[in-house]
Amino acid sequence: MPRIIACFKWVMDEADIKADPKSRQLVLDRVGYKISDYDRNAIEEAVQLQEKHGGSVVGITVATPGAKPCLKDALSRGPEKACFVNDPAFENLDPSQTAAILAAAIDGKIEYDLIICGEGSSDLYAQQVGPALAEKLGIPCATYVNKLTYVEGENKVIAQRKLDDGLETVSVKLPALITVLPDLNTPRIPSLKQVLGAAKKPVDNVSLANLQQTFEPCLKTTGILAATMERRRLKFTADPEDIRKVVDSLIKEGVIA
Amino acid sequence: MAGVWILAESREPTLELLSAGIDIAAQLGVKVAAFALSSQLAEEYIKCGCDEVMLLPPLAAGQPLESYVPVIVEEALLNGPDIILIGASQRGREIAARAAAALNTGLCSGCTGLRLDQEKKQLVMERMLFGGAAVQTVVCETRPQMATIPPRTFEQAQPAEGHQGEVRQLPAAPPSPVTVVERTPKTSEAVDITEAKTVVCVGRGVGKQEDIALARELAGVLGGEVGCSRPVAEDLRWLPEELYLGISGKKVKPDLYIGVGVAGQIQHVSGIRDSKVIVGINRDENAPIFEAADYGIVGDLYDIVPKLVKEIKAALKI
Ligand SMILES: Cc1cc2nc3c(=O)[nH]c(=O)nc-3n(C[C@H](O)[C@H](O)[C@H](O)COP(=O)(O)OP(=O)(O)OC[C@H]3O[C@@H](n4cnc5c(N)ncnc54)[C@H](O)[C@@H]3O)c2cc1C
């Protein structure tokens, strides 16, 4: 019965991010937060494996204390327990720090057979934390997986990877780490009962002091500028006259001929 | 050998990274080394300006390419490169992430531009953030400085008259705990969407697979090709993966892009940003595609697309 850890990140919803067109600074004061899109697939896969084979699912995240609402959100999706590795210092971490902190929080502290991460986070999309965490823990990994099977009694998983040059099916001895693509499953939408139930599930709080290590960044961000795009933003209706206007304009612009 | 190291899965991306590497190495006054999977490629890389090639021995049956990670890490520990540039294929991304973790160094993923800060002898690297809504500039404070770079970011290095270099054989990869049990190579019957002058893009607003015919007809009268959003290729599997546009898919620069039932979320828009003219068709007047479009048509695509086809035919007299 697999003991599974699902990793997830609490991120700003990029759809809420606005930019000041003059300074190209991001305007972040009205942004909402969410569980990173593909981490929902990671949690879902862990929960589906548990429903099929038994075992356990722990959700783990590294965040600042302010990310507390992520726990209820994650737990309502099925894990029985969460590990909240949080500290005010855990802000704007680079992927190497996140991987190192996760490794320190997991290694020797949580028993596991399988760790599942999303392909990449919706904010940084560096696609590093999964494989880097595997390396830190000294376990094998398979990335970009779109089909996952746990082989009972053999202590291994069969994973289909979707790569630029085709599909590759690999057999991986456990313990191992898998990063998943969004086409692997459809994350469930938690019911009201599940949302209410989530509040009662246990949470392990782990602080920087508990980890007895320091985590220095390797990358330093020297600037963030909004990617701006000059567009005319003209709007038309479905009336034949309007459609004709659009076609005329496109011909004038020389993009239809 | 220290200096700038290049690693990519195949010939073209290696030559692309080589041209960037040669440039940076010249500014730093160091040498360029590349990994190669065959002695034939090794020779070509040397001709194209590489000072040393590290030849990777063939893998055993069932070993995935990622099995080279320990070999690469070992070489880096022995020789202390300043910079390692890696081709951002999926395997390249995994190899880079694991190598960076093993070397305790920083990695700029999906680096879309880089230059050298001469004074600090440091790479200044750019990458996208928030699905492409912003550009992040980073420097790496540890060594080696690492980056994964998408294909076609740089021109390929060209053969330089009489360039000499050395080939060094690396040890074999240790047995891998991951075994390949099956491989299905991609049958690449899909068109190269990045070459199209006009792209008609199918979004999830197109309700049924058969209805892609509507988009095909529109593309037909415009002499263009049909592309799609990520969920149309990945979740619905209606069109091949090579046709989806966006930050994780293809980046296109057509003269004309027409989004048909495409919402226009930032991850998609990042891939079409350089289009000359963008047209969006969506029934939701608040859909983000209208922020990114020159011409937005609000309404039902099933009503609008046939009308567009008719008007274009009339205007072009076809
Ligand atoms: C890390 C990450 C990377 C991603 N990378 C990419 C990427 O590279 N490329 C990409 O495309 N996406 C990417 N996505 C997904 C992206 O965020 C969007 O979810 C996706 O682009 C939406 O696809 P869509 O517009 O086809 O579908 P939807 O969001 O479902 O939108 C469908 C639209 O069609 C409209 N519509 C419905 N019916 C009709 C009708 N009859 N007539 C007119 N309009 C209609 C609706 O109003 C809606 O706006 C990524 C996401 C993440 C988190």
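Letters A, B, ... are given to chains in the order of the sequence lines, protein chains preceding strands, and every chain is numbered from 1. Treat the numbers as computed from the prediction; the structure is a model and nothing was measured.
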S.K.: Under a 4.5 Å heavy-atom cutoff, which of B/Ser176, B/Ala96, B/Ala133, B/Ala102 has the most pairs with chain A?
M.R.: B/Ala133
S.K.: Looking at A/Val247, A/Thr169, A/Thr228, A/Leu250, which one has more heavy-atom pairs under 4.5 Å with chain B than the rest?
M.R.: A/Thr169
S.K.: Before you tell me yes or no, could you show the steps for A/Glu14 and B/Gln265 under side chain to side chain donor-acceptor pair (under 3.5 Å), namely the whole-Å CA-CA distance, both residues' side-chain angles and the distance that decides it to 0.1 Å?
M.R.: CA-CA 9 Å; A/Glu14 65 282 355; B/Gln265 271 97 338; over 6 Å; no
S.K.: What part of A/Ala226 is in contact with chain B, defined as an atom under 4.5 angstrom from a non-hydrogen atom: side chain, backbone, both or neither?
M.R.: both
S.K.: A/Ser96, A/Pro217, A/Ser249: which one forms the most heavy-atom pairs within less than 4.5 Å of chain B?
M.R.: A/Ser249
S.K.: Highest number of heavy-atom pairs under 4.5 Å with chain A: which of B/Thr184, B/Asp255, B/Ile95?
M.R.: B/Thr184
S.K.: Rounded to the nearest 0.5 Å, how far does CG of A/Asp239 lie from CD1 of B/Ile297?
M.R.: 11.0 Å
S.K.: Which heavy-atom pair separates B/Lys307 from A/Ala238 by the least distance, and what is that distance?
M.R.: NZ-O, 2.7 Å
S.K.: Contact part of B/Gln145 toward chain A, heavy-atom cut-off under 4.5 Å: side chain, backbone, both or neither?
M.R.: neither
S.K.: What I want to find out is whether B/Glu182 reaches A/Lys147 closely enough, with some N-O distance under 4.0 Å, to be called a salt bridge.
M.R.: no
S.K.: Crowded around B/Glu285 CD? As in, over 12 foreign heavy atoms under 6.0 Å?
M.R.: no
S.K.: Where on A/Ala257 is there a heavy atom nearer than 4.5 Å to chain B: the side chain, the backbone, both, or neither?
M.R.: backbone
S.K.: Taking the side chain as C-beta and beyond, is there a heavy-atom pair between B/Thr198 and A/Val255 under 4.5 Å?
M.R.: no
S.K.: Can you tell me which portion of A/Tyr125 sits under 4.5 Å from chain B's heavy atoms? Options are side chain, backbone, both or neither.
M.R.: both
S.K.: Which heavy atom of A/Ala227 sits nearest a heavy atom of B/Gly132, and at what distance?
M.R.: CB-O, 3.5 Å
S.K.: Pick whichever of A/Val170, A/Ile139, A/Asp94 has the most heavy-atom pairs under 4.5 Å with chain B.
M.R.: A/Val170
S.K.: Using atom types as modelled and distance alone, determine if a side-chain donor or acceptor of A/Lys220 lies under 3.5 Å from a backbone N or O of B/Glu141.
M.R.: no
S.K.: Working to the nearest 0.5 angstrom, can you tell me the gap between A/Arg233 CZ and B/Phe290 CZ?
M.R.: 13.0 Å
S.K.: If every non-hydrogen atom of A/Ile243 is compared with every non-hydrogen atom of B/Glu311, which pair is closest and at what distance?
M.R.: CG2-CG, 3.9 Å
S.K.: Under a 4.5 Å heavy-atom cutoff, which of A/Val11, A/Val172, A/Thr143 has the most pairs with chain B?
M.R.: A/Thr143
S.K.: Need one label for B/Val279: side chain, backbone, both or neither, based on atoms under 4.5 Å from any heavy atom in chain A.
M.R.: side chain
S.K.: Quick one: what part of A/Lys156 sits under 4.5 Å from any heavy atom of chain B, side chain, backbone, both or neither?
M.R.: neither
S.K.: Count the heavy-atom pairs under 4.5 Å between each of B/Met128, B/Arg127, B/Glu126 and chain A, then report the option with the highest count.
M.R.: B/Arg127
S.K.: So with a 6.0 Å cut-off around NZ of B/Lys253, is the heavy-atom count from everything else above 12?
M.R.: no
S.K.: How many angstroms lie between CD1 in A/Ile158 and OG1 in B/Thr179, if you round to the nearest 0.5 Å?
M.R.: 8.0 Å
S.K.: Side-chain contact test, heavy atoms from C-beta onward, threshold under 4.5 Å: evaluate it for B/Arg237 versus A/Asp183 and give yes or no.
M.R.: yes
S.K.: Would you confirm whether A/Lys136, through its side chain, and B/Ala101, through its main-chain N or O, come within 3.5 Å as a donor-acceptor pair?
M.R.: yes
S.K.: When rounded to the nearest 0.5 angstrom, what distance separates CG in A/Asp13 from CZ in B/Phe130?
M.R.: 10.5 Å
S.K.: State whether the number of non-hydrogen atoms from other residues, nucleotides or ligands found under 6.0 Å of A/Tyr33 atom OH is greater than 12.
M.R.: no
S.K.: Quick check for you: to the nearest 0.5 Å, what is the distance between B/Cys108 atom SG and A/Gln128 atom CD?
M.R.: 8.5 Å
S.K.: For A/Ala15, is it the side chain, the backbone, both, or neither that has a heavy atom closer than 4.5 Å to a heavy atom of chain B?
M.R.: neither
S.K.: Shorter than 4.5 Å, heavy atoms on both sides: which option in A/Arg24, A/Met12, A/Arg244, A/Gln160 has the most such pairs with chain B?
M.R.: A/Arg244
S.K.: Heavy-atom distances under 4.5 Å only: say whether B/Ser89 touches chain A with side chain, backbone, both or neither.
M.R.: both
S.K.: Can you tell me which of B/Pro254, B/Ala314, B/Ala292, B/Ala315 forms the most heavy-atom pairs within a distance under 4.5 Å of chain A?
M.R.: B/Ala292
S.K.: Report which part of A/Leu124 has an atom under 4.5 Å of a heavy atom belonging to chain B: side chain, backbone, both, or neither.
M.R.: both
S.K.: Verify the distance criterion only: is there a donor paired with an acceptor across the side chains of B/Gln136 and A/Thr221 at less than 3.5 Å?
M.R.: yes
S.K.: For A/Ile189, I'd like to know if atom CD1 has over 12 heavy atoms of other residues, nucleotides or ligands within 6.0 Å.
M.R.: no
S.K.: Within the structure provided, determine whether A/Ile256 and B/Leu316 are in side-chain contact (heavy-atom separation under 4.5 Å).
M.R.: yes
S.K.: Under a 4.5 Å heavy-atom cut-off, does chain A meet the side chain of B/Leu129, its backbone, both or neither?
M.R.: both
S.K.: Examine whether an atom of A/Leu163 lies under 4.5 Å from a heavy atom of chain B, and if so say whether it belongs to the side chain, the backbone or both; otherwise answer neither.
M.R.: both
S.K.: Do you know which of B/Ser10, B/Gly110, B/Pro177 has the most heavy-atom pairs with chain A at a distance under 4.5 angstrom?
M.R.: B/Pro177
S.K.: Given that the side chain runs from C-beta out, which part of A/Ile251 has a heavy atom under 4.5 Å from chain B: side chain, backbone, both or neither?
M.R.: side chain
S.K.: Compare every heavy atom of A/Pro131 with every heavy atom of B/Arg98, then report the nearest pair and how far apart it is.
M.R.: CG-O, 3.4 Å
S.K.: Could you check whether A/Arg231 pairs with B/Asp294 (Lys NZ or Arg NE/NH1/NH2 to Asp/Glu carboxylate O, under 4.0 Å)?
M.R.: yes
S.K.: Which answer fits A/Leu184, side chain, backbone, both or neither, if we ask what part of it has an atom under 4.5 Å from a heavy atom of chain B?
M.R.: neither
S.K.: On a heavy-atom basis, which atom in A/Pro182 and which in B/Arg230 lie closest, and how many Å separate them?
M.R.: CD-NH2, 3.4 Å
S.K.: Take A/Glu216 and B/Thr142 through the side-chain contact (heavy atoms from CB on, under 4.5 Å) test and state the conclusion after the steps.
M.R.: CA-CA 10 Å; A/Glu216 296 304 324; B/Thr142 45; over 6 Å; no
S.K.: Name the option with the most non-hydrogen atom pairs under 4.5 Å to chain A; the candidates are B/Asp303, B/Leu222, B/Ile278, B/Thr148.
M.R.: B/Ile278
S.K.: Which atoms of A/Glu119 are under 4.5 Å from chain B, going by heavy atoms: the side chain, the backbone, both sets, or neither?
M.R.: side chain
S.K.: Salt bridge (charged side-chain N to carboxylate O under 4.0 Å, His left out) for B/Arg183 and A/Asp165? Distances and angles first, verdict last.
M.R.: CA-CA 10 Å; B/Arg183 273 202 185 108; A/Asp165 52 359; over 6 Å; no
S.K.: What part of B/Asn104 gets within 4.5 angstrom of chain A, counting heavy atoms only: side chain, backbone, both, or neither?
M.R.: both
S.K.: So, B/Gln90 and A/Gln127: side-chain donor and acceptor under 3.5 Å apart, yes or no?
M.R.: no
S.K.: Chain B: which of A/Cys218, A/Ala176, A/Gly166, A/Gly130 shares the most heavy-atom pairs with it under 4.5 Å?
M.R.: A/Cys218
S.K.: What part of B/Ala99 is in contact with chain A, defined as an atom under 4.5 angstrom from a non-hydrogen atom: side chain, backbone, both or neither?
M.R.: neither
S.K.: Identify which part of B/Ala100 has an atom lying under 4.5 Å from any heavy atom of chain A, answering side chain, backbone, both or neither.
M.R.: neither
S.K.: Please determine whether a side-chain nitrogen of the Lys or Arg among A/Glu253 and B/Lys276 lies less than 4.0 Å from a carboxylate oxygen of the Asp or Glu.
M.R.: no
